[in-house]
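Only a predicted model underlies this, so the values are computations on that prediction, with no experimental measurement involved. Protein chains get the first letters and strands the later ones, always in sequence-line order, with residue 1 at the start of each.
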Amino acid sequence: MKNFSRFGIIILATVFVLTSCGGDDEKFIEKKENSDTIPVKIKPDISAEVINDIIMSIPSPLEMATMLKDNGQGYDANLLNPSTNIIKYNTNYKIAFNIGVYSADLGYINIYEKTFSAMSYLQNIKKLGDDIHIGQFFDFETLKRLATNTKNYDSLIFISTDNFNKMDAHLRTQNRNELSVLMISGAWLEGVNIACQVAKLKPNKDLTERLGFEKINLDNILVILNAYKNDEYFGKIVTEFEKLKQIYSQITISYTYVEPETKEVNGQLVIVNKSKSTVDITDEQLKQIIDEIARVRNTMIN
Amino acid sequence: MKTKLFIGLSLIISSYFLKAQCVSDNCNSKLGNFTYLKTIYVDNTKLESKPNMVTYLFSKGSTYMLLCCDQAIKGSRLIVNVYDKEKNLIATNKLKKKFYPSIQYPCTATGIYYIESFYEDSKDPCGVNVLGFSKS
């Protein structure tokens, strides 16, 4: 009985250790923080719940990159934030914002299956992630292995996206929502900038419309950025994004609801949607958006 | 006595791992040709009176796949409803008392949509929604 009790204790201890290892927080090692998060934790003007809802609603830049590829647009590495810019990101806020930027770039690279370009972006995200203590959610070794095996694009896309989501979720559970807001804003801005640069060279109706609909995301991102605008860095971003909003304010989006139908196809439920949405955007407005997005993006990455 | 203690410990351990598996991300493997976007975790407190609610911007020209992964236990099924920005019901995975494991939504209207998830009852349910997309 004595031996068996000892065995039971060992099992329970093993379960306890396994449970403890479930959260990566145990591996978390505090590093010296940079000046922009040390003094006073910024209190947002809106609830964490609203911030979380908005962050969840912002679409992945993968969708935009997929649209570009499916429309026959070729890959252009010049559209990306150069990986050498990493040396410029020396505060937590710049780091968080540019993790988003580089993640959007990585998504674009992955969608185009240009894995030879992926490595420096993977390294940058890992390095910046480590700097703000979320690098443990970025499975660099697996991603590196996948990036060197050109047959694993789907897994590469899945793990990259999943890792980004985990880094974002971890920041929010640790009440570091302000960094999460910056990551999401950076990813959005970079994804839209890539699309804008493509639209500048090869405009087409679908892309123009898609960029017009970005008004919805911009409005939402401004809500969460504004929540921290009392901070100097956030105040600066809000000022830049507000200029963009002024251009978008001239664009109208309309929506008409029509009751959808449903049908079963091979055991799956498929919705037959008849609702419609339209966006009114002129060539001149598109040009203004392209120029302004590029200006703001260049300010933020440099 | 030894046997009972051993069985008891085994049950504790196995229930822990079964629960861990329940909320695993393996659901994404059912996405097929759709590209993974998000996993929406739905904890066991989310019942009809207090559903899990997330918003997402769907874009026209994309088809969205929403996987509803649960333990397929009668009475504890995961119900998912999708509403448009005006809170009109667009899709549900429970239709005429039948549960569907996924919803495919070819989007024709860009906008914010609400994805509401809840369990039928609280008999220790467990599940996730996984969202993916492809170009229509």
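- Taking the side chain as every heavy atom from C-beta outward, B:Thr39 and A:Asn165 never approach each other to under 4.5 Å.
- Most heavy-atom pairs under 4.5 Å with chain A, from the set B:Thr110, B:Asn93, B:Ile115, B:Val82: that is B:Thr110.
- Only the side chain of A:Ile157 has a heavy atom closer than 4.5 Å to any heavy atom of chain B.
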Legend entry - A:Asn220/B:Ile112 under side-chain contact (heavy atoms from CB on, under 4.5 Å): CA gap, chis, key distance, verdict: CA-CA 10 Å; A:Asn220 279 333; B:Ile112 291 288; 3.7 Å; yes
Legend entry - Test side-chain contact (heavy atoms from CB on, under 4.5 Å) applied to A:Glu63 and B:Leu37, step by step: CA-CA 9 Å; A:Glu63 290 193 55; B:Leu37 286 172; 3.7 Å; yes
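- Heavy-atom distances place both the backbone and the side chain of A:Pro59 under 4.5 Å from chain B.
- Of the residues considered (A:Gln268, A:Glu259, A:Lys276), A:Gln268 shows the highest number of contacts with chain B, using heavy-atom pairs under 4.5 Å.
- Side chains of B:Glu86 and A:Tyr255: no donor on one and acceptor on the other come within 3.5 Å.
- Within the 4.5 Å cutoff, the side chain of A:Val270 has no heavy atoms near those of the B:Tyr105 side chain.
- Residue A:Glu209 touches chain B through its side chain alone, counting heavy-atom pairs closer than 4.5 Å.
- Interface residue A:Ile58: only backbone heavy atoms are found under 4.5 Å from chain B.
- For the options A:Thr262, A:Thr278, A:Asn217, heavy-atom pairs under 4.5 Å to chain B are most numerous at A:Asn217.
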Inset, instruction - Report the C-alpha separation of B:Leu57 and A:Ser57 in whole Å, then their side-chain angles, then the decisive distance to 0.1 Å, and conclude whether the side-chain contact (heavy atoms from CB on, under 4.5 Å) test is met. - result: CA-CA 6 Å; B:Leu57 187 125; A:Ser57 76; 5.7 Å; no
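- B:Met53 approaches A:Asp53 most closely through the heavy-atom pair O-OD1, 4.2 Å.
- When heavy atoms are compared at a cutoff of 4.5 Å, A:Asn52 does not approach chain B at all.
- Interface remark: of the candidates B:Ile90, B:Ile40, B:Thr35, B:Ile90 forms the most heavy-atom pairs closer than 4.5 Å to chain A.
- Between the side chains of B:Tyr36 and A:Asp154, no donor N or O sits under 3.5 Å from an acceptor N or O.
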Inset, instruction - Evaluate the criterion side-chain contact (heavy atoms from CB on, under 4.5 Å) for residue pair B:Lys38 and A:Met56; output intermediate values, then yes/no. - result: CA-CA 9 Å; B:Lys38 271 181 201 301; A:Met56 282 293 281; 4.0 Å; yes
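- When only modelled atom types and interatomic distance are considered, A:Asn273 and B:Thr108 share a side-chain donor-acceptor pair under 3.5 Å.
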Inset, instruction - Assess whether salt bridge (charged side-chain N to carboxylate O under 4.0 Å, His left out) is satisfied between B:Lys98 and A:Glu264, documenting all intermediate values. - result: CA-CA 11 Å; B:Lys98 183 176 176 181; A:Glu264 193 177 312; 3.3 Å; yes
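- For the set B:Val54, B:Thr92, B:Asp84, the count of heavy-atom pairs under 4.5 angstrom toward chain A peaks at B:Asp84.
- When heavy atoms are compared at a cutoff of 4.5 Å, A:Ser275 approaches chain B by way of both its backbone and its side chain.
- When all heavy atoms of B:Pro106 and A:Ile271 are compared, the pair lying nearest together is CD-O, 3.0 Å.
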